[in-house]
Colleague: 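I have a structure here, written as structure tokens, and I will follow up with some questions on it.
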Amino acid sequence: QVQVVESGGGSVQAGGSLRLSCEVSGFPYDHVYWGWFRQAPGKAREAVASIYTGSGSTYYANSVKGRFTISQENAMKTVYLQMNGLKPEDTGVYYCAADQFITEYSLRWFKDHEYRYWGQGTQVTVSS
């Protein structure tokens, strides 16, 4: 059974940093399409960043480019989201998602239905 577990959320002041981690277990493939998504109160879930461990290709939402960095640790099937320069609008529940295959990845990385396996979410709160 595939399990996805996030960690690392918390509360910080604007301008601060947090690092989220996500690990998948029971995943029977060598490479993973990872996605980080977030959902603010009263808003729809949105994509933040994605990485494919096979090629190292990464994608970011415009709102986080230059501030967030997604990275991988293949052997441990772990992905990280380093978040710097946090803003109050970054507040929300952050979800990690994984799948073994996404067709037309560059065009679909931000679509949540492309990811089959999801974590439980971790809260990030940024105060002004």
Colleague: Any idea which heavy atoms bring R67 and D90 closest together, and the distance?
Modeller: NH1-OD2, 2.7 Å
Colleague: With a 4.5 Å cut-off on side-chain heavy-atom distances among I, L, V, M, F, W and Y, is there a chain of contacts connecting I102 to I51?
Modeller: no
Colleague: Might you point out which heavy atoms bring K111 and L107 nearest each other, and give the distance in Å?
Modeller: CE-O, 4.2 Å
Colleague: Kindly say whether K77 contributes a backbone atom to a donor-acceptor pair with the side chain of E73 at under 3.5 angstrom?
Modeller: no
Colleague: Atom CZ of F101 and atom CD of E114: how far apart are they, to the nearest 0.5 Å?
Modeller: 10.0 Å
Colleague: If you group Ile, Leu, Val, Met, Phe, Trp and Tyr by side-chain heavy-atom gaps below 4.5 Å, do W34 and Y59 land in one group?
Modeller: no
Colleague: What I want to check is whether the side chains of Y95 and E6 have a donor and an acceptor closer together than 3.5 Å.
Modeller: no
Colleague: Using the side-chain contact (heavy atoms from CB on, under 4.5 Å) definition, which of the options S50, S71, C22 pairs with V79?
Modeller: C22
Colleague: Taking the side chain as everything from C-beta on, heavy atoms only, tell me whether E46 gets closer than 4.5 Å to R38.
Modeller: yes
Colleague: Does any non-hydrogen side-chain atom of R19 lie less than 4.5 Å from one of L81?
Modeller: no
Colleague: Find out whether V4 and Q120 are in side-chain contact, i.e. whether some heavy atom of one side chain is under 4.5 Å from a heavy atom of the other.
Modeller: no
Colleague: Flag yes if more than 12 heavy atoms outside Q100 fall under 6.0 Å of its CD atom; otherwise flag no.
Modeller: yes
Colleague: When rounded to the nearest 0.5 angstrom, what distance separates OH in Y80 from OG in S7?
Modeller: 9.0 Å
Colleague: Centre-to-centre under 6.0 Å for F37 and Y115, is that the case here?
Modeller: yes
Colleague: Using every non-hydrogen atom in the two residues, find where V32 and A98 come nearest and quote the distance to one decimal.
Modeller: CG1-CB, 3.7 Å
Colleague: Taking the side chain as every heavy atom from C-beta outward, state whether T58 and Y52 have any atom pair closer than 4.5 Å.
Modeller: no
Colleague: Using the ring centroid of each side chain, check whether Y33 and W109 are separated by less than 6.0 Å.
Modeller: no
Colleague: Measure the CD-CD distance between Q39 and Q123 for me, rounded to the nearest 0.5 Å.
Modeller: 11.0 Å
Colleague: Given the rule in the side chain to side chain donor-acceptor pair (under 3.5 Å) test, do E23 and S21 qualify, once you have shown the distances and angles that lead to the verdict?
Modeller: CA-CA 7 Å; E23 187 171 346; S21 301; over 6 Å; no
Colleague: Side-chain contact, heavy-atom cut-off 4.5 Å: V124 with T91?
Modeller: no
Colleague: Side-chain contact, heavy-atom cut-off 4.5 Å: W36 with I70?
Modeller: yes
Colleague: If you count the non-hydrogen atoms of other residues, nucleotides and ligands that lie under 6.0 Å from CZ in F27, is the total more than 12?
Modeller: yes
Colleague: The test is side-chain contact (heavy atoms from CB on, under 4.5 Å); show your working for V93 and R45 and say whether it passes.
Modeller: CA-CA 9 Å; V93 178; R45 186 164 58 190; over 6 Å; no
Colleague: Report yes if the side chains of V48 and F68 come closer than 4.5 Å at any heavy-atom pair, otherwise no.
Modeller: yes
Colleague: Work out which heavy atom in P88 is nearest to a heavy atom in A14; give both atom names and the distance.
Modeller: CD-CB, 4.1 Å
Colleague: Quick check: do L20 and M83 have side-chain heavy atoms less than 4.5 Å from each other?
Modeller: yes
Colleague: Has the side chain of D99 got a donor or acceptor atom that lies under 3.5 Å from a matching backbone atom of R116?
Modeller: yes
Colleague: Hey, are S55 and Y105 close enough side-chain-wise for a donor-acceptor pair under 3.5 Å?
Modeller: no
